[in-house]
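To start, the structure under review is shown below, and the notes come after it.
First the proteins, then the strands, lettered A, B, ... as listed; each starts at 1.
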There are 2 protein chains.
Amino acid sequence: MAHSASTDAEPTVAVAIDDPGIEGGADLSRFQCEVIDIFVRVADLLGIPKSVGEIYGLLYASARPLAFQDIVERLGMSKGSASQGLRMLRATGAVRLVYVPGRRRDHFLPETELRALLSGFLKEKVQPHFESGALRIKSLQALVRSSSLAGKEGPEMALLRERVNKLGAWQKKGGAIIPLIAKFFG
Amino acid sequence: MAHSASTDAEPTVAVAIDDPGIEGGADLSRFQCEVIDIFVRVADLLGIPKSVGEIYGLLYASARPLAFQDIVERLGMSKGSASQGLRMLRATGAVRLVYVPGRRRDHFLPETELRALLSGFLKEKVQPHFESGALRIKSLQALVRSSSLAGKEGPEMALLRERVNKLGAWQKKGGAIIPLIAKFFG
DNA sequence: TCTTTAGTTCAAATAATCTTGAACAAAATG
DNA sequence: CATTTTGTTCAAGATTATTTGAACTAAAGA
């Protein structure tokens with residue numbers, strides 16, 4: 001029954017490297033379990049929901065595109081999680097839709113270029129924080145400057161102003177390294 | 001009463017840039033609130049508890065070392081949180097103890113070199129995952145190789161082996177970039 | 001058009017994580 | 001050495017994030 005989705009001419013890749021695995025209501029090969037496990041850990045490290053790591057891992061460990069239904073069944077995951085997880089993966093460009101001839105619905109394919117994955121992640125999850133952070137720091141600098149003008153000068157004040165400037169420098173460096181990382185992996 | 005900790009000759013920096021702020025049971029200046037807020041967001045981005053961000057932020061926004069008690073009072077935080085948070089900050093080298101003459105207990109000073117902060121964080125929080133990941137990937141490669149030998153060859157098998165190899169390459173590159181990042185900020 | 005299949009949404013349930021508080025240990029004080 | 005002050009530990013509670021499930025919309029098939 002777990003296989004009801006992979007009809008006729010679609011032997012699961014799972015079969016290639018056997019050993020059914022013990023997952024929910026599906027049949028993942030040992031190979032797939034291992035790969036999924038790796039991506040679940042990476043997801044955790046990046047602060048991404050486990051379910052998203054599972055989905056990406058399953059796609060990565062599958063030799064062909066999988067349909068929504070396949071994902072739900074093989075991972076034994078709710079449709080809701082699969083839907084949301086796939087949305088996030090598409091939003092960051094980690095997964096894309098491909099048309100599969102003779103099949104009703106679209107199928108999903110993982111992006112396997114590290115550079116693309118990384119830049120998607122950075123653009124979607126990190127960049128925004130950097131941008132709002134920049135504003136925040138600017139207003140801090142304004143605050144310090146005004147206090148300074150208000151005659152509150154002194155050695156402590158100077159140290160704090162120094163720290164705020166350092167914060168600005170961090171911000172700037174951090175912004176600069178993002179494209180460099182992307183380039184490094186390019 | 002909130003000030004009971006900052007005795008006699010220790011006017012809080014808070015006073016330098018006034019405006020009491022609305023925090024728990026303490027009196028944080030507007031300046032301190034802003035700085036703390038920035039670090040709380042950074043902490044969140046890095047998957048670090050909010051309380052840890054608060055502590056580091058307070059120290060960063062203070063012109064002089066603070067004692068454990070100061071931290072608890074100014075942030076209106078439990079001793080438990082402060083203790084655990086400071087432990088984590090010390091473990092990553094983000095904060096260190098300094099002796100303050102004439103005072104009973106040690107005081108805490110923030111590390112303000114980005115390079116040091118970053119390398120502490122990477123070494124403590126990222127490196128371990130990389131190392132266990134390396135083992136995991138090796139065992140995957142072994143698995144794929146054995147399946148391959150077992151005569152399960154074919155185009156799909158080849159694709160999966162390719163992906164596993166790619167995973168190994170990612171791992172390697174990732175490991176290589178960590179020191180580069182540290183150097184970039186050095 | 002009516003029915004069936006496919007996928008999305010979102011409120012509620014669950015799970016994971018963080019914080020608190022109280023009991024305990026360690027060190028300074030008298 | 002008894003007492004007070006300082007800080008740690010950890011189980012229980014509070015909070016936050018994730019997952020589920022059921023109601024709903026959209027598209028395909030009859």
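Take the nearest nucleotide of DNA chain D for A:Ser51 and for A:Arg105: the residue whose nucleotide is more 5' is A:Ser51. When the nearest nucleotides of DNA chain D are assigned to B:Ser83 and A:Lys50 by heavy-atom distance, the more 5′-ward of the two goes with B:Ser83. Remark on DNA chain C: of its neighbouring residues B:Ile48 and A:Gly80, the 5'-side contact belongs to A:Gly80, judged by nearest-heavy-atom nucleotide.
Rounded to a whole Å, the CG atom of A:Leu86 is 8 Å from the P atom of C:dT8. Regarding B:Ile71, its CD1 atom lies at a distance of 11 Å from the P atom of D:dT8, rounded to whole Å. As a whole-Å value, the separation of B:Tyr99 OH from C:dA27 C1' is 15 Å. Residue A:Leu75 contributes atom CG, which lies 11 Å from atom P of D:dT19 at whole-angstrom precision. Rounded to an integer number of Å, the gap from B:Ile55 CD1 to D:dT8 C1' is 14 Å. Rounded to an integer number of Å, the gap from A:Met88 CE to D:dT19 C1' is 13 Å. Atoms NZ (B:Lys79) and P (C:dA25) sit 14 Å apart, rounded to a whole Å. In this structure, CG of A:Asp44 is placed 17 Å from P of C:dA15, rounded to the nearest angstrom.
Ion pair A:Glu162/A:Lys166 not flagged as a salt bridge, since none of the NZ, NE, NH1 or NH2 atoms sits closer than 4.0 Å to an Asp/Glu carboxylate oxygen. For the pair B:Lys50 and B:Asp44, the salt-bridge criterion is not met [side-chain N within less than 4.0 Å of a carboxylate O].
For the pair A:Arg96 and A:Phe108, the NZ or CZ position fails the cation-pi test of under 6.0 Å to the six-membered ring centre and within 45 degrees of the ring normal.
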(message) Go through it in stages, so that I can follow the logic: the residues are A:Gln69 and A:Glu73, the test is side chain to side chain donor-acceptor pair (under 3.5 Å), and I'd like the CA-CA distance, side-chain angles, deciding distance and then a yes or no.
(response) CA-CA 6 Å; A:Gln69 188 70 0; A:Glu73 288 178 359; 3.2 Å; yes
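Classification of the B:Trp170-A:Phe39 ring pair by plane angle, with boundaries at 30° and 60°, yields perpendicular.
Dashed line: the shortest gap from a side-chain N or O of A:Arg103 to OP1 or OP2 of D:dA28 is not under 4.0 Å. The side chain of A:Ser78 contributes no N or O atom lying less than 4.0 Å from OP1 or OP2 of D:dT19.
Closest to the A:Gln84 side chain, of the nucleotides D:dT18, D:dT20, C:dT20, is D:dT20. In this structure, the nucleotide among C:dT19, C:dG7, D:dT19 sitting nearest to the side chain of A:Phe68 is C:dG7.
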